Amino acid sequence: MKSVIISEDAIDFLHQKRKPNSIIVIYRGICNISYGYGREFIFIPKLKVLDRKQIDDKYFMMYDGSRVIPVWIEKGILSFLENRPILITLKKGLLKSLKLETGYKILAKR
């Protein structure tokens, strides 16, 4: 893994809204793409926040650069995220939530 970076506003959001021992889980979400009469399923990385300390052995644990919040990554997508940086930021708007960006999306914004 390259690196996991959680922005300061995302950390503040987690401490205000969640319990202080929350963990971030990056898992394989299924995206259903329909075209014509065919259908295809693609796995994409998704993000959720849990209040548990530990989860099962299907996940690999990392810490962000500040070593504040543990980030658990599903082992099935480790090869996909292997050489990509991961950025977790706060999605601002009416309903605030966390946003996951990986690899080329981060570089395209900068």
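Here, residue 1 is the first one in the sequence, and each next residue gets the next number. These numbers come from a predicted model, not from an experiment.
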* 4.5 Å side-chain heavy-atom contact, Ile86 and Ile73 -> yes
* Derivation and outcome, side chain to side chain contact (heavy atoms under 4.5 Å, CB included), residues Leu100 and Leu98 -> CA-CA 7 Å; Leu100 173 71; Leu98 295 181; over 6 Å; no
* Asked: After noting the C-alpha distance and the side-chain angles of Glu74 and Arg28, does the key distance pass the side chain to side chain contact (heavy atoms under 4.5 Å, CB included) rule?
  -> CA-CA 7 Å; Glu74 188 175 357; Arg28 287 184 291 181; 3.3 Å; yes
* Asked: Of all residues at least two apart in sequence or in a different chain, which pass the salt bridge (Lys or Arg N to Asp or Glu O under 4.0 Å) check with Asp9?
  -> Lys92
* Which heavy atom in Lys96 sits nearest to a heavy atom in Phe13, and how many Å separate them? -> O-CZ, 3.6 Å
* Asked: Under the 6.0 Å and 45° cation-pi test, does Lys48 pair with Tyr27?
  -> yes
* What distance do Lys99 atom NZ and Thr89 atom OG1 have between them, rounded to the nearest 0.5 Å? -> 4.5 Å
* **Sub-4.5 Å side-chain heavy-atom contact between Leu47 and Ile88** => yes
* **All side chain to side chain contact (heavy atoms under 4.5 Å, CB included) counterparts of Ser97, not counting sequence neighbours** => Lys91
* Taking salt bridge (Lys or Arg N to Asp or Glu O under 4.0 Å) as the test, write out the residues that go with Lys46, two or more places apart. => none
* Any chance you could measure Leu90, atom CG, to Ile11, atom CD1, to the nearest 0.5 Å? => 11.5 Å
* **CD1-CG distance between Ile24 and Leu14, expressed to the nearest 0.5 angstrom** => 5.0 Å
* **Minimum-distance pair of heavy atoms, taken over all atoms of Ile26 and Pro45** => CG2-CB, 4.2 Å
* **Minimum side-chain heavy-atom gap Ile6-Val71 below 4.5 Å** => yes
* Structure fact -> The reported gap from OH in Tyr59 to CD1 in Ile77 (rounded to nearest 0.5 angstrom) is 9.0 Å
